[in-house]
Amino acid sequence: MKKEKILITCALPYVNGLPHLGHLAGCLLPSDVYARFNRLIGNETLYIGGTDEHGTPSELGAKKEGIDVLEYTTKYHNLHKDIYKKFNLSFDYFGRTSSNENTELSQQIARELAQNGYIEEREVEQVFSIDDDMFLPDRYIVGTCPYCGATNARGDQCESCTKVLDPKDLIDAHSAVSGSTNLEVRKTKHLYLKLSKLSDKVREWVNTRNWNKLTVGIANKWLDEGLSDRCITRDLKWGIPVPLDTFPDMKDKVFYVWFDAPIGYISITKELLGDGYKNWWLESCGAKDEKYVEFMGKDNVPFHSIMFPATLIGANSDYKKVDILKGLSYLNFNGGKFSKSANRGIFADSAIAEFPADYWRYWLIKNAPETDDTDFTFERFAEEINKDLNDVLGNFVLRVLKFYSSKIGTTLQHNPANGEKEQALKAELSSKISSYTKYLSEMEFRKAMAELRAIWVLGNTYIDEMAPWTVFKTDTEKSGEILAFAMNLMRIFLILARPVIPETVEKILSSLNTSGDWINDVEAEMNTIVKGHNFEVPASVFTKITPEKVTELNEKYNAKK
RNA sequence: CGCGGGAUAGAGCAGUCUGGUAGCUCGCAAGGCUCAUAACCUUGAGGUCAGUGGUUCAAAUCCACUUCCCGCAACCA
């Protein structure tokens, strides 16, 4: 198989607050499974993640906790890092957008854009809150909707009647930060990225992409409506300062988070590899032949398909741009959204306290929201963990190992059987492994998991048909050979599951006293565990989730409203 | 007429691009097995493919319209 070079990024979660199952399902876990899979099949893989830290929510969050913003984002960055480690996300590096590297690179890209004539200074009017001593984003101005009379309308939109508003339309407008009505409209200067001028180049580039229908549809819609120039700076303290050497009028301004966040992919690589980042990000330095895959929630698709590529195209045509954009839908919780304020849903820290990472990983990948929003319920979770992991895989492992060790011992006295049945099974297994591998390379996670489960079932069917417990009574040798064959099957089942449930696989493979990266040649791999091989019987593989536990969880996490 | 996704057995989904006997998992029923975590294996029941109209020898699939659900909607990332 020809080895590929693969760069994988996962949309950077906003640092403010902890991620919930939706974030894991829609972006973090799929990217990790894909990264692990690529490493296992021998591709040169770089998997980059991090936290997006700048912007108003961080400033306000820090104020609320009474600490410095950097202290605040550092605290939450570490919480993210810690929790992802517990979920076994295998980032080659998990960085942050508040790093020096990101500051330098974002400033450099802004200079490049300015040199190429894609940045323009404009004077705009914005609402300033005198008591808060800050400009307020539209969203942080609330008041009464002039159309429907709702009293909680936001400056950008009324949530009751969905009408799009201008903050100046609001009746009794006040600051969402402090409640102050002491507001005034002030003039302020900002930098605009001239997307209108970049539109043709972006379209030309989009046309060369082999994206799926959804992504192309979103991208073309934006292009067809015409790209508007977009403000890339803000009047905030917490952000990357606009470089005054190039933009002398921009004192006390910072870049808008959406400008610097995706640049974080590049700067985080640089933080890890130093100048080696060029091999992954500059086409002239070897990035031309690599495959760059981005994972994100569907809300992020416009920014990754249009805004970020436009920024890179405008700055320097040598930057590597995305090849495959995997946008996923949302995971809901019992038919509603996850909500921290309403205490609905399960967040990453509680999730890992309830069940091992592999349970979550398996379920969330098997039910990845690929085409439509997907509903999480504890009932479904328990059902699939119990059935697939416990009954199909876990039970197969134990029934084989326990029988052999109790009747014969923990040192293998037999070589695997190789009759007609076994030949047929190996052929079927090869074909299913090809499909499974294909689905994983194409990021078709649901189909991949269905195929993996079907592969596991082959083990139980084989054992049942061959009935080594019956054969044992008359032909010990034959029985042992059947079980030896089953142990080799087991090894393959586990190796194939490595991208998804790495912790369990490591544990059981180590009991089996074997290992392996990936299965390319079934015939050869089926003769790995042979006469003389020692193994241990693991105490357990998975544990079932009881109905009582499901009831308890539903109450604990407000699953039933 | 904002954009997109969805509607297929009791539940969750595939199949729709490229029309040709409606499929998978769970649940349910019957049988088998008794090595294993009351697990496993086999078989079966269960569907006017959201609705209406059209194209066609033939429509879940193509076309038009309608209904319902879910997201997104450019200063919240």
Side-chain angles (χ1 to χ4, degrees), chain A residues 11-16 51-58 97 124 126-127 135-141 154-157 162 164 167 176 190 195 213-215 217-218 220-222 224-225 227-228 230-235 256-258 260-262 296-303 306-307 329-330 332 335 337 366-367 369-375 377 379-380 383-384 386-392 394-404 406-407 444 446-447 449-451 453-454 457 459-472 479 482-483 486 540-544:
Chain A
L12 308 182
Y14 198 67
V15 74
N16 199 1
T51 44
D52 172 16
E53 306 197 352
H54 293 130
T56 314
S58 287
T97 57
V124 293
Q126 272 206 308
V127 175
F135 282 96
L136 293 175
D138 291 1
R139 184 188 165 80
Y140 285 97
I141 303 158
R154 297 195 318 239
D156 52 348
Q157 182 180 33
T162 74
V164 176
H190 281 293
L195 287 170
K213 214 177 128 191
L214 174 77
T215 311
I218 293 176
N220 279 331
K221 182 203 154 205
W222 281 53
D224 290 345
E225 288 177 358
L227 298 179
S228 317
R230 196 177 155 85
C231 184
I232 57 165
T233 52
R234 289 291 183 276
D235 289 287
Y256 178 37
V257 280
W258 256 111
D260 74 73
M296 73 204 69
K298 60 183 172 183
D299 52 326
N300 269 330
V301 170
F303 291 94
I306 301 290
M307 303 302 179
S329 285
Y330 291 137
N332 288 323
K337 285 193 169 188
K366 188 186 178 195
N367 294 284
E370 288 173 317
T371 51
D372 202 3
D373 291 354
T374 299
D375 211 26
T377 67
E379 284 82 358
R380 283 188 62 192
E383 185 182 296
E384 291 176 45
N386 291 346
K387 201 69 206 171
D388 300 355
L389 294 186
N390 284 274
D391 295 348
V392 176
N395 184 47
F396 173 70
V397 169
L398 292 181
R399 70 193 296 205
V400 171
L401 297 183
K402 281 190 179 178
F403 187 76
Y404 198 94
S406 71
K407 299 291 183 187
E444 295 253 26
R446 286 184 177 221
K447 287 180 181 169
M449 289 303 102
E451 200 65 36
R453 189 189 187 282
V457 167
N460 282 315
T461 314
Y462 173 74
I463 281 292
D464 230 74
E465 279 180 13
M466 304 309 280
W469 47 87
T470 307
V471 175
F472 185 78
S479 178
I482 292 167
L483 291 162
S540 73
V541 183
F542 300 103
T543 309
K544 287 205 185 186

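Naming: A, B, ... by sequence-line order, numbering from 1 per chain.
Summarising the geometry, atom OG1 belonging to A/Thr543 is positioned 11.0 Å from atom CG belonging to A/Leu389; distances are rounded to the nearest 0.5 Å. In this structure, CG in A/Leu483 is found 9.5 Å from CG in A/Leu401, a value given to the nearest 0.5 Å. A distance of 9.5 Å separates OG1 in A/Thr461 from CZ in A/Phe396, rounded to the nearest 0.5 Å.
Between A/Met307 and A/Leu195, some side-chain heavy-atom pair lies under the 4.5 Å cut-off.
Ring-to-base geometry places A/Trp469 in a stacked arrangement with B/C35 (centre distance under 5.5 Å, plane angle under 30°).
Nucleotides B/G53 and B/A59 have their C1' atoms positioned 13 Å apart, rounded to a whole Å. Taking the C1' atom of each, B/G4 and B/G12 are spaced 23 Å apart, rounded to whole Å. Comparing the P positions of B/A50 and B/C17 gives an interatomic distance of 15 Å, to the nearest angstrom. Rounded to the nearest Å, the gap between the C1' atom of B/G19 and that of B/A36 is 47 Å. Only the P atoms considered, B/U52 is 28 Å distant from B/G71, to the nearest whole Å. Annotation: B/C33 and B/C41 have their P atoms spaced 16 Å apart (nearest Å). The same atom, P, is picked in B/U48 and in B/A22; the two are 13 Å apart, to the nearest Å.
At the phosphate of B/U37, OP1 or OP2 sits under 4.0 Å from a side-chain N or O atom of A/Lys402. At least one side-chain nitrogen or oxygen of A/Arg453 sits closer than 4.0 Å to the OP1 or OP2 atom of B/C26. Contact between the side-chain N/O atoms of A/Arg380 and the OP1/OP2 oxygens of B/C26 is not found at any separation under 4.0 Å.
Residue A/Phe472 is classed as having no contact, given no heavy-atom separation below 4.0 Å to the nucleic acid. Across all strands, A/Asn460 comes closer than 4.0 Å only to sugar-phosphate atoms, never to a base (heavy-atom distances). If you check every strand for non-hydrogen atoms under 4.0 Å, A/Asp391 touches sugar and phosphate atoms only. Within 4.0 Å of A/Val397, counting heavy atoms only, lies no atom of the nucleic acid at all. At a threshold of 4.0 angstrom between heavy atoms, the contacts of A/Asp375 with the nucleic acid are absent. Note on A/Pro57: only backbone sugar-phosphate atoms sit closer than 4.0 angstrom, heavy atoms only; bases stay farther off. Within 4.0 Å (heavy atoms only), A/Lys447 reaches sugar-phosphate atoms of the nucleic acid but no base atom.
Judged by distance alone, the side chain of A/Tyr14 and the main-chain N or O of A/His54 form a donor-acceptor pair under 3.5 Å. With A/Ser58 contributing its side chain and A/Glu53 its backbone, the two residues share a donor-acceptor pair below 3.5 Å.
Between A/Lys366 atom NZ and B/C26 atom P the separation is 8 Å, expressed in whole Å. A/Lys387 places its NZ atom 11 Å from the P atom of B/U25, with the value rounded to the nearest Å. Between the P atom of B/U43 and the CD atom of A/Glu465 lies a distance of 10 Å, rounded to the nearest Å. In this entry the distance linking CG of A/Asn390 with P of B/C26 reads 14 Å, nearest Å. As a whole-Å value, the separation of A/Asn300 CG from B/G71 C1' is 14 Å. Atom CZ in A/Arg446 sits roughly 8 Å away from atom C1' in B/G12 (whole-Å rounding). Protein atom CD of A/Glu383 is 8 Å distant from nucleotide atom C1' of B/G12, rounded to whole Å. Separating the CE atom of A/Met449 from the P atom of B/A14 is a distance of 16 Å, rounded to the nearest angstrom.
The base of B/U37 has none of its N or O atoms less than 3.5 Å from a complementary donor or acceptor on the side chain of A/Asn395. No hydrogens or angles were tested; on distance alone, a donor-acceptor pair under 3.5 Å links the side chain of A/Gln126 to the base of B/C75.
Candidate nucleotides B/C75, B/U42, B/U37 were compared by shortest atom distance to the side chain of A/Tyr256, and B/C75 ranks first. Between B/A36, B/C26, B/A74, one nucleotide has an atom nearer to the side chain of A/Arg230 than all others, and that is B/A74.
A salt bridge links A/Glu384 with A/Arg380: the distance from a Lys NZ or Arg NE/NH1/NH2 to an Asp or Glu carboxylate oxygen falls below 4.0 Å.
Across every strand in view, B/A29 sits in a pair with B/U43 that passes the Watson-Crick or G-U test at under 3.5 angstrom.
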